[in-house]
Structure formats: structure tokens, C-alpha cells
Amino acid sequence: MTGDHQTLALLLFGVFVAVTLAITTWVSRNRHGSAEEFYAGGRLFSPMENGFAIAGDYMSAASFLGISGLIALFGYDGLLYSVGFLVAWLVVLFLVAELVRNCGRFTLADVVAARMRERPVRIAAGTSSVTVSVLYLVAQMVGAGSLVALLLGGTSGAAQAWTVIGVGALMVIYVSMGGMRATTWIQIVKAVLLMCGAIALTVLVLVRFHGDFDQLLRTAADRSGHGSQFLAPGLKYGGDWTSRLDFISLGLALVLGTAGLPHILSRFYTVPTARAARRSVVWSIGLIGSFYLMTIVLGFGAAAIVGSDAVRGSNAAGNTAVPLLALDLGGGADSTGGTVLFAIVAAIAFATILAVVAGITLASSASVAHDLYASLRRKHAKPRSEVAVARLAAAGIGVVAIALGLLARDLNVAFLVGLAFAVAASANLPVLLYSLFWRNFTTRGAVWSVYGGLLPSLVLVMLSPVVSGGPNSLFPEVDFQYFPLENPGLVSIPLGFLAGWLGTVTSPEPADEAKHAETEVRSLTGAGAA
């Protein structure tokens with residue numbers, strides 16, 4: 001890339017970072033330091049504000065960079081991510097949003113612990129939430145590294161490493177200083193920027209093809225190198241039965257995983273009522289649905305205008321398809337328009353990454369402090385000390401995410417998010433649904449459900465082609481691949497539900513009928529909700 005690209009994009013990066021740090025500083029001066037303020041922003045956000053923030057949390061680097069890249073490389077099969085991410089919100093809307101808002105205070109564990117013995121349940125749910133959050137953070141770190149490597153005109157390991165470290169440092173500052181209130185406003189600003197950028201690029205792609213979407217698809221197929229296969233199922237997931245099962249596994253993870261993501265569930269606590277939580281989801285569905293429709297145009301547009309080979313040549317996982325598309329739409333690498341559009345898109349993508357990592361870090365640090373720390377030291381933990389622990393946890397989680405992000409920097413970010421969704425759907429969703437809807441569910445069932453989904457999903461990923469045994473694995477030089485699927489959801493999600501049922505039916509202590517009745521009334525009516 002030319003010096004103009006670097007200068008302008010870095011200038012725009014700097015502007016966004018300056019604005020978000022100003023928001024964080026302002027919020028930190030106007031807070032009163034309570035746990036409710038830090039974790040839930042005082043529950044003062046309107047449904048529209050929270051809907052934009054949820055959309056900002058959800059439309060991550062995986063959405064903007066990863067999905068478009070997968071569509072540019074694999075055509076029809078890349079669409080699964082767009083469809084799966086969107087359909088998942090119906091599960092959230094109908095099964096989770098209002099009930100979670102009524103039953104909990106700050107985290108997933110609050111919902112489960114409402115009718116169980118708190119300590120074992122909080123430790124299990126907190127551990128699971130932190131694991132999912134770290135996996136999700138890694139994807140954002142990889143996206144940041146890919147973006148800056150493209151901006152600097154190479155794949156410099158040092159540039160990617162410093163980028164990942166810089167993103168990690170900023171996210172710790174956002175969370176530790178501003179808490180949920182600052183994070184929410186950063187998400188809202190980022191959602192507006194991302195939607196504007198996606199709309200502009202989509203319009204430019206359609207104008208290039210005179211509004212003829214059919215011509216866009218035909219050109220994409222011609223330039224993909226795969227011909228008509230590019231527009232048909234099977235290019236990535238249809239070669240054999242293993243890849244077909246992988247397709248089903250990924251679909252299950254994407255559709256069911258959203259309802260178990262800690263940073264999404266925590267957003268329902270930032271509004272005053274359950275009705276407001278449900279309206280927030282309606283707002284977010286409108287924004288997210290529009291966005292994912294645009295990623296389809298951007299993905300096929302990158303294949304048609306940039307070419308699949310050029311996308312793959314820039315980044316083997318396809319993470320740089322959208323910035324390259326912007327460069328071409330603006331007039332090419334040597335044009336002023338290309339330089340400006342590329343820089344704007346790169347800055348928006350970078351803003352996306354910063355905002356999402358802040359939201360995830362806040363949710364995971366809340367799980368460490370509110371669930372793990374407060375459970376282990378329940379008698380001595382005061383709200384202020386709990387918030388202090390959350391700030392320290394944000395720093396520790398940042399360090400772990402940075403280290404794993406450096407290790408996984410050659411994988412597609414949408415694919416990495418798919419793994420996080422699989423773990424969330426395996427460990428968090430079963431215990432959440434059982435707690436809300438099964439009268440006889442017990443503490444042993446809850447603990448077994450979490451670990452029965454979490455441990456198999458992690459073990460299967462470790463034994464899968466993602467980690468070893470292939471040229472694109474994390475450790476390509478070794479081979480301990482024993483599980484053929486790249487996504488464990490097809491096996492680990494049923495195991496999570498099975499473990500919860502088995503733990504309940506073998507439990508020596510019966511379910512607490514009184515607590516279940518109280519939780520049921522609270523979840524449906526909001527009576528006694530925080």
C-alpha cells in the first residue's frame with residue numbers, strides 16, 4: 001500500500017481512538033463506582049440505544065471482514081455464516097431476552113443460580129463464560145492483525161504483533177475506566193459507522209453493475225476460478241460426508257450459539273425492564289438483518305471486482321476482501337478516491353474490532369469478578385472490591401487474548417467465531433434453557449450441563465484439523481488429529497443437553513419446587529426483578 005493509504009488510515013484510526021477515549025474519560029468522571037453502574041450502566045439505556053449497542057456488539061470483525069472474505073473465496077457456502085448469524089436472533093428474541101432480563105442481574109450465572117446452590121453453579125458458569133469470551137476475543141485480535149498487515153503493505157509479523165498488543169491495551173483501558181456505560185456508547189458510535197460504511201460500499205458495488213445483481217453473481221463466478229460451482233452448495237462443505245457434517249455442525253453452532261454468548265446476554269441488563277429488553281432485540285434484528293444482507297453483496301462484489309485469487313493472495317483466509325474491494329471501488333491503488341475509501345473502510349473495521357473487544361472483555365471480567373471471585377469470597381466481597389477485581393480481570397483476560405491472537409493469526413476470523421459459538425451453544429445454552437423451562441432441574445444437572453458441553457467442545461477442537469494435521473492448522477508440523485470435523489457443535493451441543501439431563505435424574509437432592517415457582521413467576525412477570 002502507498003504512503004497515502006497508511007497516513008490517512010492511521011489518521012482516521014487516531015481520530016476514532018481519541019473520540020472513544022474521550023467518551024471513556026467523560027464517563028469515568030461521572031460514575032459513582034457501584035457494581036450496577038460498572039456492569040449494567042445503571043440500567044438507564046433506552047431500547048433504541050441498547051438495540052444499536054447490541055448490533056455493535058454482534059457485528060464484529062467476523063461479520064465485516066470474515067464473512068465477506070468467505071463468500072469471496074467460497075461463494076454460496078460462505079452464505080451460511082450470514083444466514084446462521086441472523087437466524088440466531090429469533091432464538092434470542094423468543095426464548096431468552098425477556099426471561100434473562102427478569103431473572104438475572106449482571107451475568108448468565110445469575111439466571112441459573114436463582115434456583116440452585118450458588119457456589120458450584122457460579123463457578124461452572126463463570127468458567128464457561130470466560131472461555132467463550134476469550135475464544136471470541138482471539139477472532140477480533142486476528143482481524144486487527146490482518147487489517148494492519150494489509151495497511152502496511154506486507155505480512156510483517158512485528159506489525160501484526162504490535163497491533164494485537166495495542167488493541168489489547170486499548171480494550172483494557174475502555175473497560176477498566178468506563179465500564180458498561182462507556183462501552184455501550186462506543187458500541188453505538190461504531191454501529192452507526194459500520195452501517196454507513198457497509199451501505200456506501202453496497203451502493204457502489206451495485207452501481208458498478210448497474211443494479212443487476214444477476215450480472216454481479218455471474219461475474220463473481222467467472223472470476224472465482226470455480227465457474228458455476230461458485231454459486232452452488234458444496235465448494236467448501238460438500239466434498240465428502242465429513243465436510244457435509246461439518247456444514248451441519250457449523251449451522252447448529254451459529255443458530256444456537258448467540259443465545260449463550262456472555263457479552264450479548266449482559267446487554268439485556270442495561271435496560272430498565274424486560275419489555276425494553278425485547279424491544280432492544282427487535283431494533284438489533286433490523287440493524288443486523290440489513291447488515292448481513294449487505295455482506296452478501298460485498299462478498300460477491302469482492303469476488304467479481306477484486307477476484308478470488310487476489311483476495312486469497314492478500315490473505316489466505318480472505319480477511320482483507322472488503323478493504324481490497326473498497327480500494328478498487330474508489331478508483332484503484334494509485335487514485336485519491338481509492339486511497340480515501342480504503343482508509344475509511346480500514347478505520348471502520350478497526351473501530352469495529354476495538355468496540356467488540358471492549359464489550360467482550362467487560363462481560364468476561366464481570367464473570368470473573370461477579371461469579372468466580374464473589375463466589376469464592378462471598379462473605380467478604382463488597383460491591384466496590386468486586387468492581388476492582390473486574391478491572392484487574394480485564395487486564396488478565398487482555399493478556400491471554402493477545403497471546404492466543406498472535407498464535408492464531410493465520411485463521412479466518414469468521415471461522416474462529418464459529419468455534420466460540422460452538423462452545424457457547426454447548427456449555428451455556430443447555431443450562432440456560434433447562435434453568436428457565438425445566439421444573440425438575442437440579443444443581444448437579446446445572447454443573448454437569450456446563451462442564452458436559454464445555455470440556456467435550458474444547459477437547460474436540462484440540463483433536464480437530466483446526467489445531468494439527470493440516471497445512472492451515474495452528475500447528476501444521478505435528479499431527480494429533482483424531483476428530484474429523486472442524487466445528488465440534490454437532491457432537492458437543494447434544495452432549496451438553498445430555499449431561500444436564502443425566503446429572504438431574506441421578507441427583508441425590510430433589511429440585512427446589514418453591515424456588516422454581518418463584519423463578520418462573522419472576523421470569524414471566526418481572527416481579528422482583530433487579
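Below, each value reflects all heavy atoms present in this structure, side chains not excepted, and no hydrogens, waters or symmetry copies. Model, not experiment: these values are computed from the prediction.
- Arg115 contributes a side-chain N or O that, together with a main-chain N or O of Ser435, makes up a donor-acceptor pair within less than 3.5 Å.
- Nearest heavy atom pair, residue Thr258 against residue Leu254, reads OG1-O, 3.8 Å.
- In this structure, CZ on Phe52 lies 14.0 Å from CZ on Phe45, to the nearest 0.5 angstrom.
- Using a 4.5 Å heavy-atom cutoff, the side chains of Ile360 and Ser133 are in contact.
- Interatomic distance, Ile71 CD1 to Leu79 CG, rounded to the nearest 0.5 Å: 5.0 Å.
- A side-chain N or O of Ser492 and one of Ser426 form a donor-acceptor pair less than 3.5 Å apart.
- Using modelled atom types, no side-chain atom of Ser367 and backbone atom of Ser129 make a donor-acceptor pair closer than 3.5 Å.
- Annotation for Ser449 and Pro430: closest pair OG-CB, 3.4 Å, computed over non-hydrogen atoms.
- What you find for Ala276 and Val271 is that their closest heavy atoms are CB-CB, 3.8 Å.
- Residues Trp89 and Ile264 form a side-chain contact, since some pair of their non-hydrogen atoms from C-beta on lies under 4.5 Å apart.
- Atom NE2 of His263 sits about 4.5 Å away from atom OH of Tyr136, to the nearest 0.5 Å.
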**Request:** Go through Ser284 and Val281 one step at a time and tell me if the side chain to side chain contact (heavy atoms under 4.5 Å, CB included) criterion holds.
**Result:** CA-CA 5 Å; Ser284 64; Val281 176; 4.2 Å; yes
**Prompt:** Taking it one step at a time, do Glu486 and Leu250 satisfy side chain to side chain contact (heavy atoms under 4.5 Å, CB included)?
**Reply:** CA-CA 9 Å; Glu486 292 185 345; Leu250 176 63; over 6 Å; no
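- No donor-acceptor pair under 3.5 Å is formed between the side chain of Tyr451 and the backbone N or O of Ala446.
- Taken to the nearest 0.5 Å, the CG atom of Leu293 stands 7.0 Å off from the CG atom of Leu86.
- Distance alone, capped at 3.5 Å, is enough to place a donor-acceptor pair between the Asn50 side chain and the Arg267 backbone.
- Looking at residues two or more places apart in sequence or on another chain, you find no side-chain hydrogen bond (donor to acceptor under 3.5 Å, both in side chains) involving Tyr269.
- Although no hydrogens or angles enter the test, the distance criterion places a donor-acceptor pair under 3.5 Å between the side chain of Asp246 and the main chain of Asn487.
- Atom CG in Leu458 sits 6.0 Å away from atom OG1 in Thr131 (nearest 0.5 Å).
- Looking at Glu49 and Thr184, their side chains never come closer than 4.5 Å, going by heavy atoms from C-beta outward.
- Counting only heavy atoms from C-beta outward, the side chains of Lys515 and Met116 never approach each other to under 4.5 Å.
- With Leu495 as the partner, the side-chain contact (heavy atoms from CB on, under 4.5 Å) test is satisfied by one option alone out of Pro488, Pro456, Ser457: Pro456.
- A donor-acceptor contact shorter than 3.5 Å is absent between the side chain of Lys190 and the backbone of Ala53.
- Looking at every heavy atom in both residues, Val132 comes nearest to Pro262 through CG1-CD, 3.8 Å.
- Ser249 places a side-chain N or O within donor-acceptor distance of the main-chain N or O of Leu490, the cut-off being under 3.5 Å.
- The structure places CG of Leu265 at 9.5 Å from CG of Leu429, a figure rounded to the nearest 0.5 Å.
- By the 4.5 Å heavy-atom criterion applied to side chains, Phe268 and Ile54 are counted as neighbours.
- Defined by atom type and a distance below 3.5 Å, a donor-acceptor pair is present between the side-chain atoms of Thr295 and Ser82.
- By the 4.5 Å heavy-atom criterion applied to side chains, Ile123 and Asp371 are not counted as neighbours.
- Here the two rings, on Tyr58 and Phe291, have centers that are 6.0 Å apart or farther.
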**Request:** Could you walk me through whether Leu432 and Val100 pass the side chain to side chain contact (heavy atoms under 4.5 Å, CB included) test, one step at a time?
**Result:** CA-CA 9 Å; Leu432 182 60; Val100 165; 4.0 Å; yes
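- In terms of modelled atom types and a separation under 3.5 Å, the side chain of Thr443 and the main chain of Arg117 share a donor-acceptor contact.
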**Stepwise side chain to side chain contact (heavy atoms under 4.5 Å, CB included) test for Met294 and Met195** = CA-CA 9 Å; Met294 290 187 283; Met195 288 299 291; 3.9 Å; yes
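- The two residues Leu454 and Ser128 come nearest to each other via the heavy atoms CD2-CA, 4.0 Å.
- Using a 4.5 Å heavy-atom cutoff, the side chains of Val255 and Phe421 are not in contact.
- Of all the heavy atoms in Thr361 and Ser364, the pair that sits closest is O-OG, 3.0 Å.
- Checked by atom type and distance alone, the side chain of Ser464 pairs as donor or acceptor with a backbone atom of Val461 at under 3.5 Å.
- Looking at Arg122 and Thr107, their side chains come closer than 4.5 Å, going by heavy atoms from C-beta outward.
- Applying the side-chain hydrogen bond (donor to acceptor under 3.5 Å, both in side chains) criterion to Arg278, with sequence neighbours excluded, gives Glu98.
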